[in-house]
Amino acid sequence: MSLAPFIAQLRPSAASLRALGLLVLLLALLLVSSGAFSGQQLLDNARQAAPLGIIVLAQALILMMGRLDLSVGATAGLANVVLATSFAGDMANIGTALALTLIFGLAVGLANGLLVVVLRIPAFLATLAMSLIIAGGLLVFTGGSPRGSIPASFRVVTEGWIAGVLPWSVVVWALVAGLLSVLVHFTMTGRRMLLSGANMRAARLNGIASDRMVILAFMLSSLLATLGGILLSAITGMATIGIADSYTVDSIAAAVIGGALFSGGVFLPLGAALGALILFILQSLLYVLSLPPAAKFIMQGAIIVVALALANLKKER
Amino acid sequence: MFDGSLRANLVLSLPALALAALLTILTSLLSPAFLTEANLGNLATRLLPLGLVALAQAIVLFAGRIDLSVGTIMSLATAIMALGSLNLGWAAVPLTLVAGVACGLFTAAGVILLRINPLVMSLATAAIVKGVTLLLLPSPGGEVDYVFYELVFEREALFGPPLLICLAAYALMFLLLGWSRMGRAIYAFGSDAKAAFANGVSGARVDLVVYGAAGGIAALAGLFLSIRILSGDPLIGEPYTLDSVSAAILGGVALQGGRGSVAGVLFAALALVLVNNMFNLLGLDTNLQAIAKGLIFVGALVFFMRTSKSEA
Amino acid sequence: AEKFSVGYDIYFGGNSWSVQLYKEFEAEAARQADTVDVTYTESELKVDKQIANIEDLLTKGVKAIIVTPISPTALIPTLKKARAKGVKVVLLASKIRSQDYDALVTVNDEDFGKAGAEWLVKALNGKGKIIALNGISGISASDDRWAGAKEVFAANPDIKVVSAVDASWDYAQAKVAVSNLLAANPEIDGIWSQGGAMTLGAIDAFDAARRALVPMTGEDNNGYLKRWVALKDKGFTSVAPSKPTWLGSESLLVAIKLLKGESVEKNTIFPPPMITDANVASIVRTDLSDSFWSNTRLSDEQVRAAFKD
Amino acid sequence: MTEVSQDKTPRLSVSTMSKAFGRNPVLRGVSFTLERGEVLALVGENGAGKSTLMNIISGGLAQDSGSMTLDGLDYRPARPVEAMRRGVAIAHQETAIMPDLTIAENIYFRREPRNALGLLRQARMHADCTALLAGLGFALDPRALGHSLPAAERQLVEIARAIERRPKLLVLDEPTASLSAHAAETVLALMARLKEQGTSIIFISHRMSEIMDAADRAVVLKDGALTLEARRGDFDRDDLIQAMVGRTLTMVFPERPAPSSKAKPVFELQSAGNAQLPPMTLALRSGEILGIAGLEGQGQRPLARALCGADPFTQGTILIDGKAASLSSPAAAIASGVASIPDDRKHDGLALSLPIRMNMSLFAISEKARFGFLPLRAERSFAQDARARFSIRSTDLEQPVGELSGGNQQKVVFARWLAHVPKILVLYEPTKGVDVQSKSEIYHLVGELAAKGVGVIVISSDLIELIGLSDRILTLYEGRLSGEVERAAFSEERIMALASGPADMAREAAHV
Ligand SMILES: Nc1ncnc2c1ncn2[C@@H]1O[C@H](COP(=O)(O)OP(=O)(O)OP(=O)(O)O)[C@@H](O)[C@H]1O
Ligand SMILES: Nc1ncnc2c1ncn2[C@@H]1O[C@H](COP(=O)(O)OP(=O)(O)OP(=O)(O)O)[C@@H](O)[C@H]1O
Ligand SMILES: [Mg+2]
Ligand SMILES: [Mg+2]
């Protein structure tokens with residue numbers, strides 16, 4: 001019995017290795033500039049990067065389908081407001097709070113999917129419209145200042161460490177990445193999604209319910225964005241309008257740094273994770289070096305250019 | 001006169017024209033203040049930056065590309081004007097425009113030389129330009145010479161300089177895109193890049209032209225904005241990126257490229273300006289305004305997607 | 001008597017402070033319902049939308065405009081035009097770099113920054129390493145507060161600002177920034193913060209790093225005050241300068257005076273009210289929302305309605 | 001003096017041309033010459049390197065080594081425009097029609113008439129185009145937009161554009177692949193006319209009869225190397241095939257016993273139709289291969305799309321094995337046992353960015369999946385077998401299918417159905433652009449399936465294919481079945497007549 005086919009599915013791609021190289025470089029810089037950087041601190045950074053990391057997975061999934069989801073940030077923000085409102089600071093409400101938040105997330109994904117499949121609006125625009133609708137809806141609903149809060153005991157999700165060595169949120173992140181990997185590389189549903197993403201017409205003609213696959217992908221994406229929003233809420237403990245808006249662009253940047261392609265057909269959870277960490281460490285580096293925000297924007301742009309240029313030059317050869 | 005694919009593209013601008021006309025009629029019936037010279041002059045003033053940046057975006061979209069850096073280029077332009085207009089005088093104007101073109105060419109270079117996806121490359125440019133702008137001008141300020149204001153905005157009239165400048169830019173682009181070989185190449189490239197290449201179009205040249213032009217026009221939009229506010233503002237342009245895409249889509253420009261005309265974009269920009277004016281003059285709830293804009297946007301999407309070529 | 005037509009521009013509707021500022025104005029307008037008739041516009045923090053809104057208010061024929069300028073320079077030509085038409089201009093909570101207004105009602109942001117900085121210097125006995133948490137570069141409230149604070153720190157050479165970071169008035173960003181800076185710096189003696197949410201982030205970052213809390217400046221939002229009170233027994237010490245939302249109410253009163261032709265100070269600049277270790281316990285409202293800001297003229301009912309508690 | 005020497009220099013001479021994609025050599029030292037006013041037929045299996053060679057000649061690709069001369073001068077175009085400037089025009093196999101431009105704008109692209117100000121003269125151009133098309137004998141509307149054109153018309157526009165450039169050297173890469181017999185003849189006649197005027201032509205086709213008719217000279221490529229260069233009269237059909245595949249191919253079509261007339265019908269349509277398709281009645285017996293012939297655009301596409309469930313029948317009855325069945329969607333059709341091979345493999349058949357393995361294994365994995373998990377080992381071994389069985393040329397199983405040549409792509413589509421033997425197999429232009437060797441493999445596979453009792457419907461514009469393969473041929477005219485011919489009575493003339501509509505049918509009747 002050969003395990004080769006299974007291993008082949010999981011072999012780290014060149015893109016992931018490049019991203020790893022970039023990350024190591026940044027960590028070295030951080031080490032040099034701060035004088036002290038331990039594995040513990042790396043884990044602590046990963047703990048705080050987990051919400052972004054999970055949202056990047058959502059984006060990577062949609063990129064695999066050859067599309068773009070510009071509503072992930074808004075969806076995570078929606079989760080933040082819904083969760084805090086329905087928790088109302090009381091751990092007793094955990095059941096309703098989580099259920100309600102996830103239902104909202106699924107509804108956004110369903111709506112995205114239907115806009116794309118039924119009305120045939122390009123995903124890029126459908127999800128952009130969706131993010132505007134969510135932002136407007138939140139302003140109307142909250143009148144600008146959301147209420148409620150996340151009970152302290154729930155915040156163990158992001159604050160807690162298992163036996164003091166492994167943060168819970170990193171475990172959640174890794175688990176989600178693993179499950180998605182299994183879905184895409186080892187299940188029929190994942191394969192059908194991949195085929196539908198690569199060529200919707202051909203998939204349909206070959207008997208795949210590709211409309212359903214696209215809707216499913218958008219629902220998964222919104223669900224993951226919601227999960228990211230929940231983790232983010234556990235970090236902040238309160239509701240803030242537009243808290244995750246920057247995550248939309250960051251998720252695209254992180255996913256492409258991690259090797260995702262706009263043409264679809266590629267899903268690299270490891271690359272996505274590294275991409276998220278790179279953006280996060282970059283931010284840390286700027287704090288530690290006390291650079292002005294101007295430097296942050298310039299470096300972010302430069303990293304995107306460099307990461308993609310490396311990927312493309314490799315391809316030429 | 002309008003022959004070939006030009007005719008087909010002009011048809012796409014009719015819905016935006018209809019929307020603009022409807023809003024004009026509705027508001028003038030409901031508010032006596034609407035048809036005053038001062039209000040119409042204000043509308044022309046507001047149309048100028050939005051109209052120009054939407055034009056910039058449309059040119060890129062015709063080629064099947066997108067430019068998400070136009071808003072930050074506008075901010076950069078205001079910063080350069082605010083820092084330079086007093087010392088350099090008129091020389092600040094070409095300097096601003098050259099900076100805008102350079103930003104566009106930077107995006108094009110990434111697309112051509114490094115083969116980076118145009119959307120991502122323009123995002124990277126946006127981040128870098130924003131950083132540079134914040135270095136130049138960390139917070140709103142500086143000063144733009146009042147001479148410029150006198151020249152452009154002092155007279156409050158419908159047919160004042162703002163409207164004439166805007167119309168001139170559109171007329172020029174209408175001519176260049178509809179009746180020149182470069183224009184035809186841009187549409188062909190947006191329509192099907194591979195086919196256009198096989199027919200002798202240089203994709204690199206198209207990218208340089210559309211991104212360079214978009215950068216320059218966005219800088220022009222920023223320049224007028226800085227004159228209007230008599231200062232620079234490192235964040236002022238950002239909302240315009242999304243607005244430019246909305247106006248172009250509403251004006252019938254296809255995201256996939258190769259379709260639409262600048263006429264539609266002008267009408268769409270006008271419609272967006274009118275919506276805001278209508279809500280303010282009629283004293284309608286501001287929350288409703290956001291919803292109305294969203295509905296118009298989604299409506300346009302649905303409308304154009306129904307008639308669109310792509311099936312999948 | 002005939003009512004005055006007044007225009008109010010809501011500069012932003014996206015955070016609890018800006019909402020409460022607007023609600024204070026609205027409540028005052030309700031009290032003055034016999035005197036004024038208000039038209040509202042909304043600018044969503046977009047400078048040129050604010051210009052357009054003011055122009056439209058002028059077109060509508062209002063007699064006074066109350067506006068919180070988003071940019072210190074952008075509105076100048078428009079406000080000039082308004083005053084040329086005889087319309088009274090009241091600036092609320094934010095300045096412009098010219099004299100083209102009739103009245104300014106605000107708390108100086110430099111004073112706000114200064115007040116916190118002075119307290120911190122005193123708490124540290126004039127010596128120590130600190131972190132500064134700012135809002136967003138390019139937004140004048142953030143720049144001005146930091147400018148005020150910097151002046152104080154510059155005058156005290158033994159105070160060393162290890163790092164000044166932009167954390168967008170955001171809890172999470174502040175927490176990440178402080179976590180990283182704690183890791184890189186074995187010694188941090190104080191936090192100067194220009195927003196309560198950011199101070200909360202800093203407190204949690206200290207907790208997560210298992211470091212003892214140091215003196216930190218905060219702000220008068222109820223959520224922060226609750227936390228402060230809870231930590232007071234553990235020796236936590238803080239101060240909360242405030243930019244009171246009742247400025248909203250005050251701005252309408254000033255506008256009415258102007259419209260009635262009464263004389264008005266051109267610049268009504270209030271000193272920032274301060275909440276200290278001594279009085280925080282009596283000011284905090286454990287029965288009200290975290291989002292609510294303490295320096296208010298709103299009734300409890302109005303607060304509850306605004307924050308839907 | 002100069003005149004004479006000019007006449008003697010060949011129009012094009014290619015010497016030791018080599019090109020590799022990555023580690024995959026596609027051309028290996030190919031040399032040949034082409035004279036003025038000569039038609040050179042370039043022949044080879046799918047993936048032999050024909051299009052690659054033509055792309056080098058027309059400036060779309062750069063060679064790794066080797067050189068060319070054009071009319072005696074060095075020739076190495078860096079870009080397509082340069083080739084155009086030197087008088088070389090190509091009609092691509094993958095038509096390069098800009099979808100949002102009109103036919104006229106496509107044909108005159110970058111050569112548009114302009115006024116003194118340099119602005120385009122659109123009306124003048126459309127008028128010129130009308131004249132040009134009339135002269136070529138193509139019935140096309142110059143104002144029609146590119147995206148509204150069916151494949152055959154796109155092909156004609158592509159050809160018209162190349163000819164309009166009045167090239168010295170005209171390259172036609174499979175110009176007739178999607179044309180009806182009639183349109184193909186128009187193109188062949190055009191080639192003859194151009195040749196008279198001194199134009200040199202390189203002509204690529206997989207149809208042997210066309211090659212034998214048109215070629216003054218034949219060049220055969222096998223695996224990127226030249227295996228035959230011969231002048232007219234010095235080669236015959238078998239020589240070409242021998243040079244192409246390395247052996248003589250005696251049996252292109254499978255030898256099959258006539259299906260028993262007592263066999264039960266597996267598939268019946270009773271007045272089945274939809275908006276694009278008038279009601280139609282037909283019956284297909286188990287093990288029968290039923291050909292459907294017709295001129296271009298006589299309802300073949302709606303019929304194929306209805307059979308595969310893409311644009312379903314909306315009226316009438318469909319019987320499979322005598323029981324009412326529904327073909328309301330592709331999934332329903334597949335579930336009822338109807339398999340289809342689409343004509344447009346790139347858009348309707350393949351996920352071009354994904355590996356060959358995933359494209360082939362669609363049904364294989366569905367059969368073997370357990371609890372919704374992919375049977376990865378079974379998938380790999382299936383893909384390995386299928387690739388060997390169809391001799392699909394690729395670097396490995398993980399190569400994206402978009403990088404394969406057209407014929408190999410078609411084989412991937414076919415391979416998919418190895419795993420899932422259907423009751424009815426619907427083939428629509430199954431060998432468009434496929435070389436003889438692969439064609440033969442595909443025909444034999446179809447024969448095997450029929451022998452197992454599968455009912456096969458072949459909709460094709462290639463009459464030779466239909467005659468060689470079918471037990472019975474029906475003709476389509478304006479969406480209706482206009483005639484039926486049994487195997488014993490097959491002849492090209494008879495089928496063409498039935499396919500040409502009532503007028504011709506009447507004439508045919510009079511002759512008999
Ligand atoms: N750009 C490319 N990158 C990688 N491989 C390529 C590329 N272009 C062609 N090939 C490969 O080169 C080989 C030759 O292809 P080519 O298109 O020249 O064949 P062909 O003779 O035209 O075949 P057909 O008869 O199918 O048209 C094929 O194996 C193809 O997969
Ligand atoms: N840049 C590329 N990278 C990978 N593969 C390519 C590339 N360009 C072309 N190909 C593939 O290589 C082959 C050669 O291209 P060409 O246009 O000559 O098609 P072909 O093989 O003759 O196709 P067909 O027989 O479909 O009609 C095609 O199958 C094409 O899809
Ligand atoms: Mg070929
Ligand atoms: Mg081919």
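Just so it is clear: chains get the letters A, B, ... in the order the sequence lines come, proteins before strands, and each one is counted from 1.
Atom CG of residue L119(B) and atom CG of residue L68(A) lie 6.5 Å apart, to the nearest 0.5 angstrom. To the nearest 0.5 Å, atoms CG (L125(A)) and CG (L255(B)) are separated by 4.5 Å. The CD1 atom of I128(B) lies 10.0 Å from the CD atom of Q300(A); values are rounded to the nearest 0.5 Å. Taken from CG in D250(A) to CG in L123(B), the straight-line distance is 10.0 Å, to the nearest 0.5 Å. To the nearest 0.5 Å, the span separating NZ on K130(B) from CD1 on I298(A) amounts to 12.0 Å. With rounding to the nearest 0.5 Å, the separation of CD1 in I116(B) from CG in L308(A) is 5.0 Å.
A heavy-atom distance below 4.5 Å is not found between the side chains of L68(B) and V249(A). The closest side-chain heavy-atom distance from F124(A) to I66(B) is below 4.5 Å. Here the side chains of F262(A) and V120(B) are in contact, with some heavy-atom distance below 4.5 Å. Counting heavy atoms from C-beta outward, T125(B) and V305(A) have side chains that stay 4.5 Å or more apart.
Contacts of L136(B) with chain A are absent, with no heavy-atom separation under 4.5 Å from either backbone or side chain. In this structure, the portions of V132(B) lying under 4.5 Å from any heavy atom of chain A include both its backbone and its side chain. Neither the backbone nor the side chain of A295(A) has a heavy atom closer than 4.5 Å to any heavy atom of chain B.
Contact count versus chain A (heavy atoms, under 4.5 Å) is highest, among V245(B), L114(B), N117(B), for N117(B).
At most 12 heavy atoms of other shown residues, nucleotides or ligands fall within 6.0 angstrom of atom CZ in F104(A).
Minimum interatomic distance between A294(A) and G131(B) (heavy atoms only, all atoms of both residues): CB-O, 3.2 Å.
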